[in-house]
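The next block holds one structure in the form of structure tokens; read it before the comments.
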Amino acid sequence: MKRTDIRRLLEREAGLEAVRVCGWVRTRRDAKGISFLELNDGSCLRNLQVILEGSLAEEGLLKRLTTGCAVAVEGALVASPAAGQRWELRARGLEVLGEADPESYPLQKKRHRDEFLRGIAHLRPRTNKYGALFRIRSEAAFAVHRFFRERGFFHLHSPILTGSDCEGAGELFRVTTLREPPPAAGGENPWAEDFFGREAHLTVSGQLEAELFACALGRVYTFGPTFRAENSNTPRHAAEFWMIEPEMAFADLEDDLELAEALVKQLVHHLREHCREDLELFARWVDPELPARLENLVARPYARIPYAEAVRILQAAGEPFEFPVQPGADLQTEHERFLCERHVGRPVFVTDYPKEIKPFYMRVNDDGRTVAAMDLLVPRVGELVGGSQREERLAVLERRMEETGLPREPYWWYLDIRRYGTVPHAGFGLGFERFLMLATGVANIRDVIPFPRTPRSLEF
RNA sequence: UCCCCGAUAGCUCAAUCGGCAGAGCGGGUGGCUGUUAACCACUAGGUUGCAGGUUCGAGUCCUGCUCGGGGAGCCA
């Protein structure tokens, strides 16, 4: 007999004479001549109560049915006579697929600290919380593809291995097959003997490649892992994380803002529709404010504040900031939090930053001092999205590269796009894990990644 | 990388002023019960993160290291 997902059984309107379920025992409760198993197979948050009677409730078998063990059960799905569940499985046969020594099995029914569960990342998806979280993560990824597909975007598989350091966004992981690193000043090409014959890295962003394809297919997006070798130890940073990077030709900053807002809102809508039970767990155990905060993400248009106005607001706020607000300098975390959480009380786009504090590829505004940039700030998580209209004018782009000290030669292909059929275009990057933190209330990025990579942490 | 805090039983934590290292949960054993965070009794379980120092005496004070948490910077 083929196995049926517990989720399918619990949704049923009528019972079933013969079914087979497979899963892991969460708990066992014994009564006289009858035992109750809570069985979970990962298909949903809820367990299926399995009834063992007669020979199946015999001591030798029960001793093996401990928390964490894997079993296959066949029997009848019947209405439960007791309160607590609608359906239960009256077992006729049970096979122990894999035992779990209760002396050493680390998961118990009681809640564990997140820090402890991180140390057993191979087992934590068997807990209610992390099972729910990674089902939500999967569903959110599907919703990303659905969102872009409905809007005529093509999914671009941008390269993971790269020879450029893209936008200079952060420190790079070097990739090499050499046993010994070449000397620092080793001749004309110190990497001549390496696999690619030149320096190679893991990508920090698919943006530049996405721009190339947007200027051919019109609308594209990347959705994949990116890597930053920064020694940043915070609850919001990881060395390997997934980014969603749409890029649109024939689009300006306004189009960019609209797309980012629509994406965040649709992802929230999708999860509220398709992950209701799993989200309820987070509202109950992780963040009681979660339902209100999700509503706040979809209820109203997001605020928009140009950088210059943001500075004026912060200066007039009379807040005892640890770092004073300096016009021309980037906003501090405390400034961003004040703007978003206290001043507007909902997501806010800050736009038109001074060009000196933004990368070379952002389009210079008519004032010559600011660029068509945007950051989307959201409560608790901070910067969720960073994007811009891209500089499509060859001469202006070359001047900006010169100003920021970037050599033109490695970017010849990027410049070519401005040389041949250049068009206005815009895009952004959205940190997938940061969205998941926002959507679940989980406070640490390490807990929304199956196997997080952070400085000095590469187990699993 | 910088600043602050922490590390005690399998887990979550307590231990007063430097003076006998404890509880709950989990595990084991027995009992009870269509149970459901089950309940009752008994029981095992410790190099107090590691290395050094001060002291008659260190879980407690000092130094270094490792790991973890919070904040900052960098950013998504």
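No experiment lies behind these values; they were computed from the predicted model shown.
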Reading 5' to 3' through nucleotides 45-51 of chain B, protein heavy-atom contacts under 4.0 Å coded B for base, S for sugar-phosphate only, - for none: -------
Pairwise C1' distance, B:rA9 and B:rC25 [rounded to whole Å]: 12 Å
Heavy atoms under 4.0 Å is the rule here; annotate nucleotides 27-36 of chain B 5' to 3' with B where the base is hit, S where only the sugar-phosphate is, and - elsewhere. SSS---BBBB
Rounded P spacing from B:rC65 to B:rC2 in Å: 10 Å
Closest to the A:Pro235 side chain: B:rC67, B:rG70, B:rA76? B:rG70
Touch class at under 4.0 angstrom, heavy-atom based, for A:Val385 against every strand present: sugar-phosphate
Nucleotide B:rG71, atom P - distance to CD of A:Glu334 in whole Å: 13 Å
Complementary nucleotide of B:rU63, counting Watson-Crick and G-U pairs under 3.5 Å: B:rA51
Take A:Arg434 and A:Thr454, find for each the nucleotide of RNA chain B with the closest heavy atom, and name the residue whose nucleotide sits nearer the 5' end. A:Thr454
note: A:Arg228, atom CZ; B:rG73, atom C1'; distance rounded to Å ~ 15 Å
Phosphate OP1/OP2 of B:rG73 contacted by A:Thr333 side-chain N/O (<4.0 Å): yes
Where the side chain of A:Asn231 is concerned, which of B:rU1, B:rC75, B:rG73 is the nearest nucleotide? B:rU1
For the rings on A:Phe321 and A:His335, is their centre-to-centre separation under 6.0 Å? yes
Tell me the closest heavy-atom pair linking A:Glu88 and A:Pro81, and the distance in Å. OE2-CD, 3.3 Å
Please work out if A:Ile445 contacts a base, only the sugar-phosphate, or nothing of the nucleic acid, heavy-atom cut-off 4.0 Å. base
Across all strands, who's sitting opposite B:rG30 as a Watson-Crick or G-U wobble pair, both distances under 3.5 Å? B:rC40
Kindly say if A:Gln332 contacts the phosphate of B:rA72, meaning a side-chain N or O under 4.0 Å from OP1 or OP2. no
Gap in Å between the two C1' atoms, one belonging to B:rG6 and one to B:rA14, rounded: 15 Å
How many Å lie between CG on A:Asn233 and C1' on B:rC2, as a whole number? 12 Å
Would you kindly give the CD-to-P distance between A:Glu322 and B:rC3, to the nearest whole Å? 14 Å
Closest non-hydrogen atom pair between A:Arg86 and A:Glu13, with its separation: NH2-O, 3.5 Å
Whole-Å distance between B:rG10 P and A:Gln108 CD? 12 Å
Tell me what A:Glu115 touches on the nucleic acid: a base, only sugar-phosphate, or nothing, going by heavy atoms under 4.0 Å. sugar-phosphate
Under a 3.5 Å limit on both distances, the Watson-Crick or wobble mate of B:rU1 is B:rA72
Picking from B:rA76, B:rG69, B:rA72, the nucleotide nearest the side-chain atoms of A:His237 would be B:rA76
Ranking B:rU12, B:rG73, B:rA72 by distance to the side chain of A:Arg113, first place goes to B:rU12
Without decimals, in angstroms, what is the distance between A:Leu117 CG and B:rC67 P? 20 Å
If I pick the P atom on B:rG18 and the same atom on B:rC61, what distance separates them, to the nearest angstrom? 8 Å
For the pair made of CZ in A:Phe223 and P in B:rA76, what is the distance, rounded to whole Å? 17 Å
Got a sec, which residues hit salt bridge (charged side-chain N to carboxylate O under 4.0 Å, His left out) with A:Arg337, two or more places apart in sequence or on another chain? A:Glu341
Integer angstrom distance from the P of B:rG57 to that of B:rA15: 25 Å
For A:Glu171 and B:rA76, what is the distance between atoms CD and P respectively, to the nearest whole Å? 14 Å
